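See below for the structure under consideration.
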Amino acid sequence: MGSSEFSWKLKDHTSLPKGKTVAMVVLDGWGETQRDQYNCIHLAQTPAMDSLKKGAPDKWRLVKAHGTAVGLPTDDDMGNSEVGHNALGAGRTYAQGAKLVDLALESGKIYDGEGFKYIQESFDTGTLHLIGLLSDGGVHSRLDQLKLFLEGATEHGAKRIRVHVLTDGRDVLDGTSVGFVETLENFLAKLREKGIDARIASGGGRMFVTMDRYENDWNVVKRGWDAQVLGEAPHKFKNAVEAVTKLQELPDTNDQNLPPFVVVDGGGKAVGPIVDGDAVVTFNFRADRMVMAAKAFEYEEFDKFDRVRFPKIRYAGIIEYDGELKLPSHYLVSPPEIEKTSGEYLVHNGIHVFACSETVKFGHVTFFWNGNRSGYFNKEMEEYVEIPSDTGITFNERPKMKALEIAEKARDAILSRKFDHVRVNLPNGDMVGHTGDIKATIVACKAVDDAVKMILDAIEQVGGIYVVTADHGNAEDMVKRDKKGNPLIKDNGDINVLTSHTLHPNTYVQVPLAIGGPGLAPGVRFRKDLPDGGLANVAATVLNLHGFEGPRDYEPTLIEVVEN
Ligand SMILES: O=C(O)[C@H](O)COP(=O)(O)O
Ligand SMILES: [Mn+2]
Ligand SMILES: [Mn+2]
């Protein structure tokens, strides 16, 4: 075989042995920053993670998990699970959805593609519906992209437009949704001045309406379907600003879990249900929380809930959400082609893989890890275990989530000696951090630490190796800060709670990376020459620990072996 021909076979590492069980533990939303009263990791008892830190600098270090280091448009973009797990699994960074949609809108190429031409067929007689997350969070979508697309679509023939908004408060501060809705309303008013019939037709909070993920709770998608397609919701308003303002006043309600509403005309009739002949575009560029809605819009055969009406529409995603399922079949921008991920290399090189998390993060260690592909590479070599998440609650109500159950599965997988690579995501720091509940987040961090301990103990027993890291920050800082890093305090003395991931001014967010275990060969330590290493460097590092060199096109390994 010529040297230019591709082979899945990895080169043997020059000095590191094969045959060690490697536990790959990802702490979701666990960053490193100052240890103050807003740092829930610091406030919690975390002896296992604290002891790993003592290994610095040879066995514990920080890695970048935000911005361009994970393929986001700028270094002012906080990290997130999608780009973090993509980088961890693929060993390289890719221009991600946010960036690809930016480029397609900027160049106008978005309007030349098959996907746009497909929906354009509806513009003469039908309505163009846009459904997605309304904020500038940049994790799932961005308002500036929505505005550009609205403008472009009208220039390319759209005459009647209905926007179905999902309020955020999770990637941006809670309470900001009214402002985003106002901005959009003003923008649509300008389109109306130009003769375009453009309005907001429905809405609801992202965690309660439409944006469920990994099939945790189809009721969430159903609520969206009822409002967007059927024009039915428990709350009816004359306009969306009034809707969001009023609904927020309900007890225990915030932007994330706002109940669904529809906008109605003077006669009480919904202004924008989706009907035969319409076009629908979901404008979130991130897949996980749009896949379920995409299935509802696309699949003829569908039994997840009663759709009542299945209109004959032209549906496109702003991007393709699942390359394996080819979902949706029409899309406006091609997704990053994430190929030859470390997970695929592992199974081609005889490594048995076990991956586990609970539902809300299950796809992170499978779908995202494997380059946005659902399913196994090789069923004989892999086992993916999903522990059902609690549904119908916000996670501050049960902050321990399923951390213990995940750790038990990982422990059993390690002790069974059937697997060489045991990968888990521990969701608590992130999922509870997003609720903004500091007390609950402290409990969450302790639960994560207990889980880490259980996994490290199992690794100890089998003489294995552990790698512990995180995908981005969240629980380590729960307050919104000014540019200098000082907490922003409201007039009434309350803090401005930070529900989103973190991006610490000056240092930016960095996450820990620790290696160790009895199987780690003597002399293995972190290199000193890659201080800017990021999550994408972890894949080659892990392949080394399995006894292989990383592929040549991967970001370099973070470890070296020195003579003792
Ligand atoms: O989808 C979410 O829950 C948040 O927008 C981002 O969180 P994640 O990137 O950790 O999933
Ligand atoms: Mn995450
Ligand atoms: Mn998160």
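In each ligand, atom 1 is the first atom listed, and ligand 1 is the first ligand listed. These numbers come from a predicted model, not from an experiment.
When the options V538, I455, I465, V365 are evaluated for a side chain to side chain contact (heavy atoms under 4.5 Å, CB included) with M24, the one that passes is V538.
A salt bridge is defined here as a Lys NZ or Arg NE, NH1 or NH2 lying under 4.0 Å from an Asp or Glu carboxylate O, and D36 with R481 meets this definition. With respect to D449 and K453, no salt bridge is recorded, no charged nitrogen being found less than 4.0 Å from a carboxylate O.
Contacts with ligand 1 closer than 4.0 Å are made by no heavy atom of N474, backbone or side chain. In D171, the part holding a heavy atom less than 4.0 Å from any atom of ligand 1 is the side chain.
Closest heavy-atom approach to atom 4 (C) of ligand 1 within the set R206, M207, Q256, H501: this belongs to R206. The option from H85, M78, R286 that lies nearest to atom 11 (O) of ligand 1, judged by heavy atoms, is R286.
Within D471, the N, O or S atom lying nearest to the Mn ion (ligand 2) carries the name OD2.
Using bins of under 30°, 30° to 60° and over 60° for the plane-to-plane angle, the ring pair F362/Y384 lands in the perpendicular bin.
If you look at the Mn ion (ligand 3), the protein N, O or S atoms less than 2.8 Å from it are D430 OD1, D430 OD2, H434 NE2, H501 NE2.
The closest approach between any non-hydrogen atom of M431 and ligand 1 is not below 4.0 Å. Within the structure, ligand 1 lacks M211 among the residues with a heavy atom less than 4.0 angstrom away.
Residues satisfying the side chain to side chain donor-acceptor pair (under 3.5 Å) criterion with Y345, sequence neighbours excluded, are absent altogether. Every residue meeting the ring-ring contact (aromatic ring centres under 6.0 Å, His included) condition with F297, not counting sequence neighbours, appears here in chain and number order: W225, Y315.
Checked by atom type, the side-chain pair Y214/S389 shows no donor-acceptor distance below 3.5 Å.
A donor-acceptor distance shorter than 3.5 angstrom exists from the side chain of Q256 to the backbone of G169, with no hydrogens or angles considered.
The protein non-hydrogen atom at the shortest distance from atom 9 (O) of ligand 1 is S81 N, 2.7 Å.
Under the 4.5 Å side-chain criterion, counting only non-hydrogen atoms from C-beta, T435 is not in contact with E397.
Residue R213 places at least one N or O, backbone or side chain, under 3.5 Å from an N or O of ligand 1. Considering backbone and side-chain atoms alike, D288 places every N or O at 3.5 Å or more from each N or O of ligand 1.
Rounding to the nearest 0.5 Å gives a distance of 4.5 Å between CG of D75 and NE2 of H66.
Among residue pairs with one or both ends in residues 81-99, those qualifying as salt bridge (Lys or Arg N to Asp or Glu O under 4.0 Å) are R92-D553; sequence neighbours excluded.
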